[in-house]
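As structure tokens, the structure follows; a few thoughts come after it.
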Amino acid sequence: MKRVLIVVLGLAFAGINAQQKWSLRECVDYAVKHNLQVIQNEYSKQIQDSNLKIAQRNYLPSVNASVGNNVSFGQASLGTGSIRNDRFSNNANLSADILLYNNGRLEKTIRKTQFDVEASQYDIETIQNDISLQIAQQYLTTLLNKEIVKISQSATENAKKQLDRAKITTEVGTTAQTVKAEAEAAWAREKQNLKTAEVNVGRSLFALAQLLQLKDYKDFDVMDVEVSESLTPQLLAVEDVLEKAYENQPQIKAALSRIKSAEAQTEVTKTSFWPTLTASIGVGTFYNNLLNTNNVGNEFFYVKEGGFFNQYKDNFGQQGGVSLNIPIFNKGITKLQVEQSKINENIAKTTLEQQKLTVRQNVQQAQFDADANYEIYLAATEAEKSTKLAMDFADKSYAAGRTTIFDLNIARNNYANAQGSVQQAKFNYLFSLKLLNFYSGIPLSL
């Protein structure tokens, strides 16, 4: 039973560890869902959604109810004399009013707010895209560092084999002690390089976990992705990518929505030049109670004061009306507000041009980097082949006693550096391609 439990726990632990390896898609999806900046902008959009609901509900009438109480004591003026007037009064009213006409102000306000809602949604998508690109770049950096670890491991293993061989040849007297010492130094250097490479992997994983805003980063890891050893040049034209980017990039869409919002705001402001027609209806009643007497009237005719509910019933009344407010002169403020709205339209249009310029520069930079990184990759591949051939010759020459161990170590270092350069160029080129695909509307993935 104990053995079975150990096996089950071991499998469960292995499953937990396996779950810690994240794909690029998983990293991106998690980041855009949990990033605090995204969440903050989602709250901003919720505010815009509420503003839209408020604008839509302005079509409904405003209904208000009021209840008032008043009490007074003392003398009240009556002709040339005065009369005792201790009084309690109560009144209740219910009224409603609705806007009948203001040159479409309500409709124009709703349209303006709808554009604000659109822009807020595009703002969220823009932040999500920025985060996605940061995640993709850091993810590829992590994969690159893992490849560097593999190169360092291979170099360390070769240095260890060289040390083992140097120990044997030194013991039999075919090589000097300096050969063994240099082999030990070379192995120590490679172990140091390996440790540095492993630390760089941990550092890049930590940076990626920070981007994801993970609380527990110690067990975090990413999936190993096999990148093709044979890369092909990118064939996307800048103009084609730009055309698609202008259509699908949210920062462009947000700028367009804000232009429409600014234009709609101008139309809303212009409604202040027009008359406002409002209708109102109301019902109400009141109650009066003379505190110093139960009779009301004059010295010739008195009646007993009515009760609360009887007075409410007898004093019930209704009213209705239509009012027209015609603007004549408000110090030219409305005209100035229209001019301000026009300026805001120009600002929004300039923002659109700035966003297009930024997108165009990013696309051009991505294509330049892709072309440059591909050429660097080709050159690095040729250098890797040459340094591999030079290392093989140096190894054979050293075995034959025609070169020193110093020459062999230099050749091996050159080969390891060349391998690292190939991987660096490969992942730089891969990120440039992903960036171009991203601007073309293709989701990030590996």
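All values below were derived from every heavy atom in this structure, side-chain atoms included, with hydrogens, water molecules and symmetry-related copies excluded. Each residue takes its place number in the sequence, starting with 1.
Side-chain polar atoms of S257 and E118 form a donor-acceptor pair below 3.5 angstrom. Neither side chain, S204 nor Q138, offers a donor N or O lying under 3.5 Å from an acceptor on the other. No side-chain donor from either of D97 and T278 sits under 3.5 Å from a side-chain acceptor of the other. A donor-acceptor pair shorter than 3.5 Å can be found between the side chains of Y439 and N362. Between the side chains of R203 and N200, at least one donor N or O sits under 3.5 Å from an acceptor N or O. Side-chain contact of T387 with N414: a donor-acceptor pair under 3.5 Å is absent, judged by distance alone. Between the side chains of Q365 and D369, at least one donor-acceptor pair of N or O atoms lies under 3.5 Å. With hydrogens and angles left out, the side-chain atoms of T269 and Q265 include a donor and acceptor closer than 3.5 Å. Side-chain contact of N90 with Y312: a donor-acceptor pair under 3.5 Å is present, judged by distance alone. Inspection of the R165 and Q162 side chains reveals an N or O donor paired with an N or O acceptor under 3.5 Å. N64 and S95 are not linked by any side-chain donor-acceptor pair at a separation below 3.5 angstrom, with hydrogens and angles left out of the test.
With contacts defined as side-chain heavy-atom distances shorter than 4.5 Å, the pair E345/I259 does not qualify. Side-chain contact between R258 and D123 is present, with heavy atoms from C-beta onward closer than 4.5 Å. With contacts defined as side-chain heavy-atom distances shorter than 4.5 Å, the pair R360/Y246 qualifies.
Judged as a salt bridge (charged side-chain N to carboxylate O under 4.0 Å, His left out), not a single pair has a partner in residues 232-252 (not counting sequence neighbours). Every pair passing ring-ring contact (aromatic ring centres under 6.0 Å, His included) that includes a residue from residues 157-206 is listed here, sequence neighbours excluded: F206-Y217. Within the structure, salt bridge (charged side-chain N to carboxylate O under 4.0 Å, His left out) contacts touching residues 34-49 (residues at least two apart or in different chains) are K45-D49.
Legend: residues meeting side-chain hydrogen bond (donor to acceptor under 3.5 Å, both in side chains) with N41, ordered by chain and number and at least two apart, are absent. Legend: residues meeting side-chain hydrogen bond (donor to acceptor under 3.5 Å, both in side chains) with D407, ordered by chain and number and at least two apart, are T404. Not counting sequence neighbours, the partners of Y59 by the side-chain contact (heavy atoms from CB on, under 4.5 Å) test are L106, E107, I110.
Nearest heavy-atom pair, P275 versus I326, reported as atom, atom and distance to 0.1 Å: CB-CG1, 4.2 Å.
Ion pair D116/K260 not flagged as a salt bridge, since none of the NZ, NE, NH1 or NH2 atoms sits closer than 4.0 Å to an Asp/Glu carboxylate oxygen. The pair R25-D29 meets the salt-bridge criterion, with a side-chain N (NZ, NE, NH1 or NH2) lying under 4.0 Å from an Asp/Glu carboxylate O. Ion pairing between D392 and K388 holds under the 4.0 Å rule for side-chain N and carboxylate O. Using a cutoff of 4.0 Å between basic side-chain nitrogens and carboxylate oxygens, E339 and K342 are not scored as salt-bridged.
The aromatic rings of W22 and F220 lie perpendicular to each other, with more than 60° between the two planes, well past the 30° mark.
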Steps toward side-chain hydrogen bond (donor to acceptor under 3.5 Å, both in side chains) verdict (E26, Y30):
CA-CA 6 Å; E26 289 173 335; Y30 182 89; over 6 Å; no
